[in-house]
Amino acid sequence: MDRSSMLRLIQGQLDPENTGFVCAKTFAALVNDHELPLDPAKLEMLFALSQGNEEGQICYSQLVDLISSKRSSSFRRAITSGQRALPRDVLLDQDGLGIYKRFVRYVAYEILPGEMERRWYFYQHRPCPPPIFMAVVTLTQIIVFLCYGIKLNKWVLQTYHPEYMKSPLVYHPGHRARAWRFLTYMFMHVGLEQLGFNTLLQLMIGVPLEMVHGILRISFLYLAGVLAGSLAVSVTDMRAPLVGGSGGVYALCSAHLANVVMNWAGMRCPYKVLRMILALVCMSSEVGRAVWLRFSPPLPAAGPQPSFMAHLAGAAVGVSMGLTILRSYEENLQDQCGWWVILLCYATFLAFAIFWNVFAYDLLGVQIPHPP
């Protein structure tokens with residue numbers, strides 16, 4: 001039975017008078033009698049939603065959203081009610097799962113803070129579409145790095161090669177009019193060490209986040225961090241070029257770490273404290289390395305070395321915009337006032353940065369290094 005036929009059956013038998021409400025227990029009996037294809041987690045969510053009604057009913061529109069797996073503003077309320085009223089069937093106790101379902105369960109415990117949320121994700125997850133955004137970005141970065149490595153015959157500190165900055169992908173303050181460079185710099189990297197660090201984090205954190213929250217939300221967060229990174233460099237470190245996907249990587253990582261801290265008691269990932277300390281040490285070390293290369297270059301260079309401000313800008317985007325996205329699993333962002341406030345702040349920053357790039361360089365008489 002397809003979804004539309006199921007909905008017609010539900011409305012015809014459970015709400016023939018078009019009252020707009022359906023009894024949860026009667027609906028569960030209908031599912032069992034007709035063997036309707038409904039995930040167990042959705043039935044639990046249905047009973048959780050009915051807890052707020054004295055007659056144990058659920059709004060028909062909410063039922064349609066539940067069956068259709070649409071994001072709903074009532075999801076958080078259902079989660080809270082379900083944790084109070086429903087028996088907790090822990091996913092870790094389930095045996096006989098295949099390799100892929102075990103990986104999905106692992107992702108659920110890595111990313112989501114509540115058992116009900118984890119069960120909901122586990123039962124409604126589908127392998128298509130796969131987390132293609134992070135995979136494509138990572139693969140492109142590796143291919144670009146290999147191409148330039150072979151061309152320059154240099155795999156570490158590539159930015160010191162005189163031909164490197166001639167790439168049309170690198171952000172350079174002398175080429176600010178070429179707007180694509182504010183994004184495409186994420187495909188270029190200083191060397192093998194930066195590429196390895198970024199791709200590792202993209203695969204370890206970005207892929208699970210994309211599996212849970214979807215390609216649209218995670219790609220928007222990643223690209224927002226990348227764009228904020230280049231614009232922040234153009235405002236605060238005006239003579240410096242920029243390479244590397246650290247703006248997007250730090251947006252994802254800082255959002256995930258902030259979400260773990262905010263939901264510390266509910267997160268069930270093992271060795272939380274150790275992993276948190278290790279992540280902070282690695283991220284801080286990468287920022288320190290970028291600062292060292294910017295101000296104390298180990299080799300003679302024709303001009304300023306890439307800036308480190310993209311790391312900080314990406315982290316700011318992650319803690320603000322990213323945390324809002326990760327805390328809104330299966331909820332509509334457009335229904336949240338905080339989301340619009342953050343978008344307004346981000347848009348204000350973009351407008352200010354564009355104005356700065358158009359007028360400030362000439363007004364301040366900034367001596368920009370000669371573009372390659």
Side-chain angles (χ1 to χ4, degrees), residues 137 140-141 144 148 158-190 194 198 219-252 254-255 286-287 290-291 293-295 297 301-322 339-372:
V137 168
T140 304
Q141 290 172 339
V144 170
Y148 277 91
Q158 289 185 342
T159 53
Y160 291 88
H161 196 285
E163 296 295 320
Y164 183 84
M165 287 298 174
K166 294 182 180 181
S167 169
L169 303 178
V170 173
Y171 166 78
H172 190 281
H175 292 310
R176 299 190 315 282
R178 302 174 184 178
W180 69 84
R181 291 176 179 254
F182 285 89
L183 286 175
T184 57
Y185 77 92
M186 70 180 186
F187 297 117
M188 306 290 289
H189 287 81
V190 173
Q194 186 188 27
N198 285 347
S219 61
F220 180 79
L221 174 60
Y222 186 90
L223 294 177
V226 169
L227 183 58
S230 57
L231 291 175
V233 169
S234 70
V235 172
T236 61
D237 199 359
M238 301 170 68
R239 301 184 68 250
L242 183 62
V243 296
S246 297
V249 170
Y250 274 63
L252 296 180
S254 59
E286 171 62 17
V287 174
V291 173
L293 290 177
R294 172 67 180 92
F295 295 111
Q305 287 300 293
S307 178
F308 59 90
M309 287 302 300
H311 299 73
L312 306 182
V317 170
V319 171
S320 55
M321 181 186 296
W339 171 247
W340 293 108
V341 171
I342 291 173
L343 278 187
L344 178 61
C345 293
Y346 188 78
T348 302
F349 166 72
L350 292 184
F352 169 77
I354 293 173
F355 177 86
W356 185 274
N357 276 271
V358 173
F359 299 105
Y361 279 73
D362 293 332
L363 292 176
L364 297 176
V366 178
Q367 298 296 321
I368 301 175
H370 182 70

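Numbers for residues simply follow the sequence, beginning at 1. Below, each value reflects all heavy atoms present in this structure, side chains not excepted, and no hydrogens, waters or symmetry copies.
Residues His189 and Tyr148 have side chains not in contact (no heavy-atom distance under 4.5 Å, counting atoms from C-beta outward). Leu242 has its side chain out of reach of Met188: every pair of non-hydrogen atoms, C-beta onward, lies at least 4.5 Å apart. Taking the side chain as every heavy atom from C-beta outward, Thr348 and Phe352 never approach each other to under 4.5 Å. Between Ser234 and Pro173 there is no side-chain heavy-atom pair separated by less than 4.5 Å. Side chains of Tyr346 and Val317 form a contact here, defined as non-hydrogen atoms less than 4.5 Å apart. Between Tyr185 and His172, every side-chain heavy-atom pair lies at or beyond the 4.5 Å cut-off. Proximity of Val243 to Leu169: side-chain heavy atoms (C-beta onward) are nowhere separated by under 4.5 Å.
Thr236 OG1 to Trp356 CH2: the interatomic distance, rounded to the nearest 0.5 Å, is 9.5 Å. Atom CZ of Phe349 and atom OG of Ser320 lie 11.0 Å apart (nearest 0.5 Å). To the nearest 0.5 Å, atoms NE2 (His175) and NZ (Lys166) are separated by 10.5 Å. Here SG of Cys345 is found 9.5 Å from CE of Met321. Values are rounded to the nearest 0.5 Å.
Minimum interatomic distance between Val190 and Tyr164 (heavy atoms only, all atoms of both residues): N-OH, 4.3 Å. Ala228 and Ala313 get closest at one heavy-atom pair: O-CB, 3.6 Å. Closest of all the heavy-atom pairs between Pro168 and Thr184 is O-OG1, 4.2 Å. Ser167 approaches Arg181 most closely through the heavy-atom pair O-NH1, 3.2 Å. In terms of heavy-atom proximity, Ala240 sits nearest to Arg294 at CB-NE, 3.6 Å. Here the closest heavy-atom approach between residue Ala315 and residue Ser254 is recorded as O-OG, 3.2 Å.
Residues passing the salt bridge (Lys or Arg N to Asp or Glu O under 4.0 Å) test with Arg178: none are found, sequence neighbours excluded. Taking Ile354 as the reference, Val358 meet the side-chain contact (heavy atoms from CB on, under 4.5 Å) condition, with sequence neighbours excluded.
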Begin with the C-alpha distance, continue with both residues' side-chain angles, and end with the deciding distance and a verdict on side-chain contact (heavy atoms from CB on, under 4.5 Å) for Ser246 and Asn198.
-> CA-CA 7 Å; Ser246 297; Asn198 285 347; 3.5 Å; yes
Steps toward side-chain contact (heavy atoms from CB on, under 4.5 Å) verdict (Phe308, Val233) | CA-CA 8 Å; Phe308 59 90; Val233 169; over 6 Å; no
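Within the 3.5 Å criterion, the main-chain N or O of Gln367 finds a donor-acceptor partner in the side chain of Arg239. The closest donor-acceptor contact from the side chain of Gln141 to the backbone of Met186 lies under 3.5 Å. Under the 3.5 Å distance criterion, the side-chain polar atoms of Arg176 are matched with a main-chain donor or acceptor of Asn357.
Shown here is Phe295, whose CZ atom has more than 12 heavy atoms of other residues, nucleotides or ligands within 6.0 Å.
Ring-plane geometry between Tyr171 and Phe182 is classed as tilted, the angle between the planes lying from 30 to 60 degrees on a 0 to 90 degree scale.
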